[in-house]
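This report concerns only the one structure given below.
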2 protein chains.
Amino acid sequence: MAEKVKRRKTQAKTAIVDILKQSTQAMTHQDIELALDGLCNRVTIYRVLDRLVKEDLAHKLVDVDGVTKYLACRDCGENHLHHHVHFSCEQCGELTCLYHVVPKFTLPEGYHLSEVNFTVRGDCPKCSATSSAAE
Amino acid sequence: MAEKVKRRKTQAKTAIVDILKQSTQAMTHQDIELALDGLCNRVTIYRVLDRLVKEDLAHKLVDVDGVTKYLACRDCGENHLHHHVHFSCEQCGELTCLYHVVPKFTLPEGYHLSEVNFTVRGDCPKCSATSSAAE
DNA sequence: CTCTTAATGCAATTGAGTTGCAAATATCTT
DNA sequence: AAGATATTTGCAACTCAATTGCATTAAGAG
Ligand SMILES: [Mn+2]
Ligand SMILES: [Mn+2]
Ligand SMILES: [Zn+2]
Ligand SMILES: [Zn+2]
């Protein structure tokens, strides 16, 4: 029943994967478009990103403010679950994975977990350093 | 420096607060519009909701899929922090607060927390019950 | 009741994301 | 290498949530 689609290695896909891999933080569609500098069409970026997510090469995250961002899949293991915390900086706006911060919790009876999205907002080390220095 | 704005008690605001308070789950703008049944303009709903959030009478949440939802503020204490888990059902789509589920975690040095958004996706008790009964 | 200003309605606009379709191109087959 | 085939792309048009400007309405203070 599962349609087997033969993926192709294209210029746009290669470029986008490279850009995502080079970034330490999650990127918006717009970030990527800017980085690509006209290499391909806006729509193509959306479509490539969709494919990357399907192929488990990238993750699609929604930030606390509703902004959709993409992240290269690194060492996520089998299921590509993000059990760790994502940190969203209120000052510089960057969204990063805190791979080592894995919250502990227990769901009540009857709830069945399939995915987790734990985002913490605040000031990142960089920004809290500069803002406290300014005082 | 803080602008003191004198809020007014209007028909739209009262109705929207009532609707939010009666709901056990977070509601979208559309849900609210439907419940209001033409009582006021679409834009007014957006503006009232913004005000309610500013006045700490409601919370604005973004679901895992990017859908914005609103929730009446109940016993949130002083700072209105949602340290508990929000559960988002993949089947019925409802988003609810699991007030008793508060994850434990520790941020690394240098990170300063101001807000938390922890959403768990999966099947709610209602939906997991009916789907296992169907097998 | 009168005055001030917050709140509303309406029409137009923005911006992210999607869709249909024809043209381009990656990959497979001879 | 050339041809066949299905994927990928570009473009234009579209959808849908949310925002904005502005004239009008209506809280609520005095
Ligand atoms: Mn992954
Ligand atoms: Mn609250
Ligand atoms: Zn920062
Ligand atoms: Zn459910």
Side-chain angles (χ1 to χ4, degrees), chain A residues 1-20 25-71 88 93 95 117, chain B residues 2-20 25-71 88 93 95:
Chain A
M1 205 90 278
E3 297 292 327
K4 48 182 82 179
V5 190
K6 291 221 174 110
R7 300 297 182 191
R8 291 176 186 180
K9 182 179 174 181
T10 66
Q11 207 185 359
K13 181 176 172 181
T14 309
I16 291 174
V17 168
D18 282 354
I19 287 169
L20 287 178
Q25 53 186 274
M27 300 179 82
T28 62
H29 170 272
Q30 200 177 268
D31 292 338
I32 297 165
E33 186 178 7
L34 201 69
L36 281 171
D37 193 34
L39 182 127
C40 70
N41 187 271
R42 240 169 38 80
V43 182
T44 301
I45 303 176
Y46 281 115
R47 294 198 268 225
V48 168
L49 287 170
D50 280 354
R51 263 181 276 149
L52 293 181
V53 170
K54 279 197 195 107
E55 294 178 72
D56 287 319
L57 293 175
H59 288 268
K60 185 177 186 174
L61 306 177
V62 177
D63 206 342
V64 212
D65 49 12
V67 178
T68 300
K69 299 186 176 180
Y70 297 87
L71 198 64
S88 168
L95 180 66
N117 188 327
Chain B
E3 296 292 326
K4 48 183 84 179
V5 191
K6 290 216 175 116
R7 301 297 183 192
R8 292 176 185 180
K9 181 181 176 181
T10 66
Q11 205 185 0
K13 183 176 171 182
T14 308
I16 291 173
V17 169
D18 282 353
I19 288 168
L20 286 178
Q25 52 184 274
M27 300 179 80
T28 62
H29 170 272
Q30 200 178 268
D31 292 338
I32 297 165
E33 187 179 5
L34 203 69
L36 281 171
D37 193 33
L39 182 126
C40 70
N41 188 268
R42 270 183 57 251
V43 181
T44 301
I45 303 177
Y46 280 116
R47 296 198 266 226
V48 168
L49 287 170
D50 279 354
R51 263 181 277 149
L52 293 180
V53 170
K54 280 198 194 105
E55 296 177 71
D56 287 319
L57 293 175
H59 288 268
K60 186 177 183 173
L61 306 177
V62 176
D63 207 342
V64 210
D65 47 13
V67 177
T68 300
K69 298 186 178 181
Y70 297 87
L71 200 62
S88 168
L95 181 66

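In what follows, chains carry the letters A, B, and so on, assigned in the order in which the sequence lines appear, proteins first and then strands, with residues in each chain numbered from 1.
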CD-CG distance between A/E33 and A/N41, expressed to the nearest 0.5 angstrom
8.5 Å
Using heavy atoms to find the nearest nucleotide of DNA chain D for B/H29 and B/R7 separately, return the residue whose nucleotide is more 5′.
B/H29
Of all of residues 10-20 of chain B, which get a heavy atom below 4.0 angstrom from DNA chain D, listed by number?
none
For A/H29 and A/Y70, indicate whether the former's side chain and the latter's backbone hold a donor-acceptor pair under 3.5 Å.
no
note: A/K69, atom NZ; C/dG17, atom C1'; distance rounded to Å ~ 17 Å
Check nucleotides 18-23 of chain C against the protein and report each pair of N or O atoms closer than 3.5 Å, with its distance, or say if there are none.
| from | atom 1 | to | atom 2 | distance (Å) |
| --- | --- | --- | --- | --- |
| C/dG20 | O6 | A/R47 | NH1 | 3.4 |

From CG of B/L36 over to C1' of C/dA7, roughly how many Å is that when rounded to an integer?
15 Å
Once you round it to whole Å, what is the distance between P of D/dA17 and CG of A/D65?
19 Å
How many angstroms lie between atom CD1 of A/I45 and atom CG of A/D50, to the nearest 0.5 angstrom?
12.0 Å
Check the distance between D/dG28's C1' and B/K6's NZ and give it to me in whole angstrom.
9 Å
Among B/L61, B/D63, B/V67, which residue meets the side chain to side chain contact (heavy atoms under 4.5 Å, CB included) test with B/S88?
B/D63
Figure out the CD/P separation between B/E33 and C/dG9, and round it to whole Å.
12 Å
Would you say that A/T44 contacts A/T10 through its side chain, given a criterion of any heavy-atom pair below 4.5 Å between the two side chains?
no
Between the two end axes of the helix from C/dC1-D/dG30 to C/dT30-D/dA1, each built from 5 base pairs, what angle do you get to the nearest 10°?
40°
Taking only N and O in the side chain of A/N41, is any of them less than 4.0 Å away from OP1 or OP2 of D/dT9?
no
Write down the distance between CD (A/Q30) and C1' (C/dG17), rounded to a whole number of angstrom.
13 Å
Which distance, rounded to the nearest 0.5 Å, do you find between the CG of A/L52 and the CG of A/L20?
7.0 Å
Counting C-beta onward and ignoring hydrogens, is there a side-chain heavy-atom pair between B/D31 and B/T28 closer than 4.5 Å?
yes
Atom-to-atom span, CZ of A/R8 to P of D/dT5 - whole angstrom
13 Å
CG of A/L49 versus P of D/dT8: gap in Å, rounded?
14 Å
